[in-house]
Asker: 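Handing you this structure, nothing more for now.
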Amino acid sequence: MGDAIKTMECVKDVDSRESMGGTRVGAGMEHGSLICGGSRSLSQLEDPDSLPQRSPSPVTSPASPFGHQVDGPKVHPLGKMQSSRASQTRQESVSEVRPTTIDIKGNGKDSHVVTEEMLVISPCQPRFANFLQSTDRRKVLIRNRNMEDVVQKIHEGSTLWKVRGVNKWFHRHYKVDIDNMSLVGESKKWWSPGGGTGSDGPENAVPLIEITEVREGWKTDTFNKVSSHSEKTKDKAAAGDEPSLEENKCFSIIHGPGGREVLDLVAATEDERDAWVSGLTHLVQSVKALHEEKQYDVWLRQQFEEADKDNNGSLNFNECCTLLKQLNIKMDKTHAKKLFNQANTSKQKRDGDQVLEVGEFVNFYHALLKMPEIEKLFKKHASEKTQLMSADQLCAFLHKEQGLIDLDESQATKLIHEFEISDLKDQGYMTQDGFYHMLLSDMFDIFNHEHKSKVHQDMTQPLAHYYISSSHNTYLTGHQLAGESSVEGYISALKRGCRLLELDLWDGDEGEPIIYHGHTLTTKITLADVLRDGIKAYAFEASPYPVILSIENHLSVEQQKVMVQLLKDILGDMLATDPVSEDITAVPSPEALKNKIIIRGKKPQGSEVESDDDDDDQDAIDYIDSDDGAAQTKKDLFTPHLKTFYRSFKRARQNSKKRRSVSHQAEQKPHKPLAPELREIINVCEGKKFTTFHDAFENYKCVHTPSLGETKAKGLIESSPDDFIRFTERHVTKVYPLGTRTDSSNLKPYPFWSVGCQIVALNMQTEDKANFYGDALFTTNANCGYVLKPDIILKKVPYDPTDLSDRYTKIVRVTVLSGQHLPNSAKKGDIVDPYVQVKVRGHPLDKQKQRTKVIKNNGFNPVWNEALELSIKVPQVSLIYFSLRDESSLSRDPVLGLCCIPFNSLSSGYRFVHFTDLAGKSLGPAALFVHIEVRDK
């Protein structure tokens, strides 16, 4: 124990051919970092002859996340080797290697030698790498010699025009701060300290990881308005300091949650614009790939940097105590001092205080990280003699514990090569560290990895057989009464896989249709901008399957004709214009309609202008009345101005209704004329008024698609659920939220999914449970926007939603074993007292929830080891919803993290539950370690 062993540090310049998204770190790139080694050496095994022998690899990789101590060269807080030898090596020939001596003290009886060759990164990534395994940040970010000059240029920065609207232009200096991985800009605001530096002006710093897109030209709402105002001429602003608005000098940076923030900029020259677009796009892609590859490493580095208040590359005892609190660990100072002294092997001092170097910090951290449940699991299936797991033993574990009965020994060997981090993988053995890496990977997530990563369902069935990811009032980015209308709403929805978009069309003042929420204070955008900059550009970026444009037609006949022409001219071959035959019996499949845009709306039956005999199915605010259902309870979301507007509108609407009832008792709402040109673009999704199921069964064609208000659809579920299922088996049906949801809140989608409704329109701009459920459902088919409905909803097997026996009942046993790195509670501001709540949502009779006990004062590594059992009668339409909460005596228990999995994508065996917030943002490395068992009742 404590014997010195030699390693070879291989450092190589980043190859210009290196790919960020590939399966390897780089072409021929060798890592000089220290990575986790095995738990024992071959020389110390009780029976070394029982293992195949091989010559050692030239690269040695010691260090274990299970408590092995590492004494090595000093490392900077950012992970960069500070030894002169390492620095020289980076500048020398790529073929040169230099030895480094490192002491390893295992937590077993003996030290060991392990070797490691070039690190291989696979599509199923381990969720963390060792803290010491890091590369010079600039080299990692550049990754391509051709980009080096461009990156250097935007790092130095340049002065650009920031555009916020017509006559709202601001000269600002922008640069990329590579050390903080942020785009920073100066600010002229008196309350902005530091003039916009990355550390002193956070409100002006945009982390590269939060940038979703960099666009060239005029492709945002602001640029569309400004360019329209300037009539898109190049000689508009030639005098004084005003810039010239030329499209080839303009670009936009899209960032923030859901890509809802936009920064519009104008460069001095086209070359400068191109440098910013290409350089920033490259850096953003690089940072995101690095973040995915090194998620755990990034998190651990952040913990060290936050704890290192003096920025001297080490931690004193007080800083370690602060770190323990940040890590959700409540510990008295005596015990904390004991841990500090155990980790402090070098006894180095700074300013008179003993400190932990980075290597010692890693040992201190990993001593806290140990997960006894995984250690026990590994020992149960590994060789008792060698404490290693062979391919056949791993295969047995996967069969018995994970339910992967189709996985054979050769595939188990591939897993060993993929996740084992010592050279023992070349001899076919996995250590406890490799086993831990494997369980933390996406492949062993509780959400079936195959379902998340590729389209696995049959896409050749009729369109009516699928749930369709759908947006309500897509153009709005906020409130229904006074929110902003934006092209970004369409872009954001399409990027997240949404396949049905709403266009609320009204006559524009300049002879072209506009989009906004009629008779409200919402802003207006043009149909042409939406089609050109939003739909055409992004329709098939996230999915090749058809996009449906649901038209809410308030246009005059003349502007209906303009609308039809715009759709044809801008969308071109994307637009589905083939007429359907009169004897069609089923709508086409998503596969048959790939890369096509379908128009959903009312269709005239003849060649002349006709009246629309059906009531509008839209829910514009001008049709709100008491029949829409109860008003929302979130009255606090209304500002006084909006309350006044809403009440005035309601009174005017009620007075109008009274006048009509007196003078025209039997008169209906005026019918809207339909232009015959609509026949050219409406085919497989023809809007049709719904009256009763009996009428629909008698008179509907398969292409007829009704829209139902939330209240009406709920009533039909309660009165005729079986008829509802029969109807949606053949007809695409839309359900939209109450008009009184003026705060853009959402209906609960799962009751409507349970009877087969394909289109449950959601306000996607709202971060709420409804969208969280929707994201979970559509993730089950690689987020392509279409999910095949289960056989019971398609009537392929007997099913009566009103008479539930135990025919389909499943018992789901969730054993919550432990947690790790749980988030802090923003409300409580103290060490968390976590518990886990598991809910079922789907069929009304399956609504249930259970919870674990509370673990006091431990958010770092709480252990529950508690079983929760759920009985689910209709699992095919059920969602399993994990909610991590913090017990609070002062207020409602804060939610720390969420995870939702449709039953059909639930993986059994030992799994990790990885948490996100309500918006879907990862809270990694926060996770639960659970065991899932599913059986028939």
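Counting from 1, the numbers follow the sequence of the chain as shown. These numbers come from the heavy atoms of this one structure, side chains and all, not from hydrogens, waters or symmetry mates.
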Asker: With no hydrogens and no angle check, just 3.5 Å: does a side-chain donor-acceptor pair link D768 and N771?
Answerer: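 The answer is yes; a qualifying pair exists.
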
Asker: Taking the six-membered ring of Y835, is NZ or CZ of R851 closer than 6.0 Å to its centre and within 45° of its axis?
Answerer: yes

Asker: Distance from C900 atom SG to L898 atom CG, nearest 0.5 Å?
Answerer: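 Output value for this atom pair is 9.0 Å.
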
Asker: Do H451 and T780 have side-chain atoms, one donor and one acceptor, less than 3.5 Å apart?
Answerer: no

Asker: Please report the interatomic distance CZ(F378) to CG(L394), rounded to the nearest 0.5 Å.
Answerer: 9.5 Å

Asker: I want to check something: taking the side chain as every heavy atom from C-beta on, are D833 and N857 in contact at a cut-off of under 4.5 Å?
Answerer: yes

Asker: Which pair of non-hydrogen atoms, one from P834 and one from L822, has the smallest distance, and what is that distance?
Answerer: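 For P834 versus L822, the nearest heavy atoms are CB-CD1, 3.7 Å.
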
Asker: Indicate whether the side chain of E933 and that of S908 have a donor and an acceptor atom separated by less than 3.5 Å.
Answerer: no

Asker: Side chains of E869 and S871: is there a donor and an acceptor less than 3.5 Å apart?
Answerer: no

Asker: Is there side-chain contact between Q850 and Q837, with heavy atoms separated by less than 4.5 Å?
Answerer: no

Asker: Is there a side-chain contact between L440 and F419 (heavy atoms, below 4.5 Å)?
Answerer: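 When only atoms from C-beta onward are counted, F419 and L440 do not touch, as no gap falls below 4.5 Å.
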
Asker: Taking the side chain from S441 and the backbone from M438, do they hold a donor-acceptor pair closer than 3.5 Å?
Answerer: yes

Asker: With a 4.5 Å limit on heavy-atom distance, are the side chains of V930 and I932 in contact?
Answerer: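 They are in contact (side-chain heavy atoms under 4.5 Å apart), so the answer is yes.
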
Asker: Rounded to the nearest 0.5 Å, what separation is found between the SG atom of C320 and the CG atom of D308?
Answerer: 10.0 Å

Asker: Using the ring of each side chain (for Trp, its six-membered ring), is Y436 parallel, tilted or perpendicular to F912, with breaks at 30° and 60°?
Answerer: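 Correct class here is tilted.
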
Asker: Would you tell me whether N344 and Q354 have side-chain atoms, one donor and one acceptor, within less than 3.5 Å of each other?
Answerer: yes

Asker: Find out whether K769 and Y881 are in side-chain contact, i.e. whether some heavy atom of one side chain is under 4.5 Å from a heavy atom of the other.
Answerer: yes

Asker: Say whether, by atom type as modelled, one donor and one acceptor occur between the side chain of K853 and the main chain of W864 under 3.5 angstrom.
Answerer: yes

Asker: Checking Q402 side chain against Y910 main chain: does a donor-acceptor pair fall under 3.5 Å?
Answerer: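 Pair found, side chain donor or acceptor close to backbone of Y910.
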
Asker: Taking only residues two or more places apart in sequence or in another chain, which ones pass side-chain hydrogen bond (donor to acceptor under 3.5 Å, both in side chains) with K810?
Answerer: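 K810 satisfies side-chain hydrogen bond (donor to acceptor under 3.5 Å, both in side chains) with D936 once adjacent residues are dropped.
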
Asker: Are N861 and Q820 close enough, and set up right, to give a side chain to side chain contact (heavy atoms under 4.5 Å, CB included), and what steps lead you there?
Answerer: CA-CA 5 Å; N861 57 356; Q820 63 177 32; 5.5 Å; no

Asker: Under a 3.5 Å threshold, yes or no: a donor from one side chain and an acceptor from the other, between E357 and S346?
Answerer: no

Asker: How long is the straight-line distance from CG of L868 back to CG of L870, given to the nearest 0.5 Å?
Answerer: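 One finds 7.0 Å between CG of L870 and CG of L868.
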
Asker: What is the ring orientation for F397 with F435, classed by angle as parallel under 30°, tilted 30 to 60°, or perpendicular over 60°?
Answerer: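 Perpendicular.
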
Asker: Quiz question: by atom type and distance under 3.5 Å, do the side chains of E401 and H381 form a donor-acceptor pair?
Answerer: yes

Asker: Hey, what do you get for CG (N858) to CD1 (I831), rounding to the nearest 0.5 Å?
Answerer: 8.5 Å

Asker: Would you say I446 and I901 make side-chain contact, with heavy atoms under 4.5 Å?
Answerer: yes

Asker: Mind checking whether V812 and I872 have side chains closer than 4.5 Å, heavy atoms only?
Answerer: yes

Asker: Under 3.5 Å, is there a donor on one side chain and an acceptor on the other for D433 and T431?
Answerer: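 No, because no side-chain N or O of D433 sits under 3.5 Å from a partner of the opposite role on T431.
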
Asker: Nearest 0.5 Å, please: how far is OH in Y750 from CZ in R841?
Answerer: 5.0 Å

Asker: Both conditions, 6.0 Å and 45 degrees, for the charged tip of K452 above the ring of F447: are they met here?
Answerer: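 Yes, a cation-pi geometry holds between K452 and F447.
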
Asker: Before accepting this row, confirm whether a basic side-chain N of the pair D775/R496 lies closer than 4.0 Å to the acidic partner's carboxylate O.
Answerer: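 Salt bridge: yes.
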
Asker: Which atom pair, heavy atoms only, marks the closest approach of A927 to H914?
Answerer: CB-ND1, 3.8 Å

